[in-house]
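Structure record follows, encoded as structure tokens.
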Amino acid sequence: MLFLPQSYKPVFSLQEFCNFDCFSPKLLSITIMENVENVYFTQNPNELLLQFIPEYEKNKVFILVDENTREHCLPKLQALSGESCNIIEIKSGESHKNFDTLQFIWRQLSALGANRKSLFINLGGGVIGDMGGMAASLYKRGMTFINIPTTLLAQVDASVGGKLAVDFDGLKNEIGLFRNPEKVLICTDFLKTLDIRELVSGYVEMIKHAVIHDSTHWNNIKKFSPYNIQWDLMLHNIQHSVKIKQYFVTKDPQEKNIRKALNFGHTIGHAIESYSFSTSTPLLHGEAVAIGIVCELYLSNIKNGFPLKDMLEIIEVINQHFHVFEYGYKDYDKIIELMSHDKKNEADRINFTLLSKIGKFDIDQFCSKSEIYESLSFYKQINK
Ligand SMILES: NC(=O)c1ccc[n+]([C@@H]2O[C@H](COP(=O)([O-])OP(=O)(O)OC[C@H]3O[C@@H](n4cnc5c(N)ncnc54)[C@H](O)[C@@H]3O)[C@@H](O)[C@H]2O)c1
Ligand SMILES: [Zn+2]
């Protein structure tokens with residue numbers, strides 16, 4: 001029996017707060033309020049960079065890449081090939097999102113003569129954005145940085161909102177800070193060289209934005225196929241997704257209340273992601289969040305009355321795109337222990353954002369250990 005309606009009190013209904021139109025899929029500057037990112041959608045990032053860079057050139061420009069974005073993305077940005085532009089290359093992947101790499105970046109900046117007025121550009125996915133943003137924010141007490149996200153996940157999520165972090169002692173994003181980039185430049189052309197697995201991982205954050213915000217966006221994105229992308233539509237959906245994220249981070253930059261909606265799927269997702277690093281099949285961020293969404297939909301259903309029909313539809317879409325991730329009953333305690341390190345927790349209680357329907361969420365929901373066990377079992381059962 002999955003549906004056990006209970007009385008509950010919704011904390012926020014987003015529909016009451018937010019009612020906006022879609023963006024025009026053209027070059028667009030979103031300036032929502034002071035100190036919140038400017039996000040530019042462009043098919044010509046060079047043109048924009050040529051406007052931004054000159055004021056920094058005498059103090060040098062530093063571009064953080066990994067081996068993949070150096071090969072596939074940097075050549076598309078001739079504006080970054082001038083004498084004052086310095087490339088810093090790190091190794092790709094979550095396993096390098098740590099203090100060793102941060103120190104490497106700082107040493108490079110120091111050796112190459114960076115000062116506080118230099119410009120730092122993150123050209124890459126969420127790992128480059130999170131870690132490069134942190135490196136820039138702390139170097140000489142902070143240099144300006146621009147994000148040029150090159151994965152779907154970074155375009156719709158990681159590059160907006162100012163959360164910067166590295167992993168520490170096996171815990172995701174354990175050490176970090178909030179600081180916004182000066183600008184974010186989004187160009188969907190970069191996504192054309194992205195691995196399908198990475199593309200689908202980013203799609204999960206679009207699912208999250210849709211289910212916490214509105215059923216129209218969900219209906220638009222649920223037919224996504226990574227093998228048959230219509231780029232105009234994709235751009236439109238990315239813009240809509242960014243707009244949803246911007247809404248939450250603008251209302252609540254420090255994640256004191258409404259921004260917690262963005263954590264849907266992430267309480268269990270982050271723990272599964274960290275847990276997967278100790279297995280022979282480490283998951284990508286979005287892959288782990290997809291499992292988190294399934295488990296937290298289950299919790300939403302049993303605790304907050306999320307409709308069974310919608311839950312099954314969302315799970316069906318998720319299952320079309322992902323392989324099953326195996327974990328045993330004996331691993332539950334380890335996964336819950338990882339959840340207890342989550343920054344959203346209060347005292348000893350594990351904090352969730354749950355849904356009561358698509359577009360309606362309740363923050364600060366607490367689940368018992370046995371409810372969390374059930375949700376982990378639910379994922380196993382539906383994937384038998
Ligand atoms: N700050 C936030 O708000 C936030 C939100 C969500 C996720 N994140 C973080 O983002 C990270 C995951 O980001 P990700 O999914 O972008 O992974 P990633 O940064 O590891 O990039 C994925 C892979 O794609 C390669 N790549 C990047 N762009 C490419 C391109 N255009 N063509 C070919 N290859 C390319 C990279 O080299 C890497 O191998 C996690 O660390 C997660 O914690 C942060
Ligand atoms: Zn995420």
Side-chain angles (χ1 to χ4, degrees), residues 37 45 64-77 89-98 101 122-134 137 147-168 171-181 184 186-209 212 241-242 245-246 248-249 253 255 259 261-270 272-274 276-277 282-293 296 342-343 353:
E37 299 95 323
L64 185 67
V65 293
D66 61 32
E67 71 279 8
N68 298 317
T69 59
R70 183 171 206 154
E71 181 185 344
H72 298 295
C73 308
L74 193 59
K76 294 179 180 141
L77 298 174
E89 181 179 327
I90 58 173
K91 291 196 183 102
S92 66
E94 185 74 29
S95 59
H96 299 286
K97 188 176 154 182
N98 56 33
T101 316
N122 292 312
L123 180 63
V127 168
I128 290 266
D130 279 14
M131 190 161 48
M134 185 165 168
S137 301
N147 283 346
I148 309 183
T150 61
T151 63
L152 180 58
L153 187 138
Q155 293 194 349
V156 298
D157 195 357
S159 66
V160 172
K163 277 190 181 178
L164 311 170
V166 291
D167 304 335
F168 184 66
L171 297 171
K172 278 280 300 174
N173 299 330
E174 185 68 351
I175 313 286
L177 70 157
F178 285 94
R179 193 155 188 259
N180 283 302
V184 181
I186 294 183
C187 173
T188 52
D189 265 359
F190 289 125
L191 305 181
K192 293 177 181 165
T193 54
L194 201 58
D195 197 79
I196 296 278
R197 191 177 165 202
E198 298 289 351
L199 203 60
V200 176
S201 170
Y203 171 59
V204 174
E205 301 286 6
M206 294 175 92
I207 295 179
K208 177 194 76 180
H209 287 157
I212 62 171
S241 220
V242 169
K245 172 123 192 203
Q246 283 279 29
F248 287 104
V249 302
E255 201 175 288
R259 184 174 178 164
L262 295 166
N263 292 325
F264 179 66
H266 282 64
T267 304
I268 293 182
H270 271 153
I272 296 274
E273 185 179 3
S274 298
S276 79
F277 297 154
L283 294 170
L284 299 179
H285 178 72
E287 293 170 335
V289 172
I291 299 170
I293 288 178
E296 293 180 26
D342 199 301
K343 293 172 280 302
T353 294

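In each ligand, atom 1 is the first atom listed, and ligand 1 is the first ligand listed. Bear in mind the structure is a predicted one, so any value in this text is a computation, not a measurement.
Residues lining ligand 1 at a heavy-atom distance below 4.0 Å are given as D66, N68, T69, H72, C73, S92, E94, K97, G125, G126, V127, D130, T150, T151, L153, D157, A158, K163, K172, N173, F190, T193, L194, E198, E205, K245, H285, ordered by chain and residue number.
Screening residues 153-163 for salt bridge (charged side-chain N to carboxylate O under 4.0 Å, His left out), with sequence neighbours left out, gives D157-K208, D157-K245, K163-E255.
With sequence neighbours left out, F190 forms a ring pair (Phe, Tyr, Trp, His ring centres under 6.0 Å) with no residue at all.
Between N173 and K97, some side-chain heavy-atom pair lies under the 4.5 Å cut-off. Contact check for I128 versus T150: no side-chain heavy atoms found under the 4.5 Å cut-off.
Put simply, the side chain of R259 gets close to the backbone of P253: a donor and an acceptor are under 3.5 Å apart. Side chain of E296 to backbone of I268: a donor-acceptor contact under 3.5 angstrom is found. Although no hydrogens or angles enter the test, the distance criterion places no donor-acceptor pair under 3.5 Å between the side chain of H209 and the main chain of I207.
Exactly one of E94, M131, H96 qualifies for a side chain to side chain contact (heavy atoms under 4.5 Å, CB included) with D167. That residue is E94.
Under 2.8 Å from the Zn ion (ligand 2), one finds the following protein N/O/S atoms: E205 OE2, H266 NE2, H285 NE2.
Between D189 and K76 there is no salt bridge, since no side-chain N of the basic residue sits under 4.0 Å from a carboxylate O of the acidic one.
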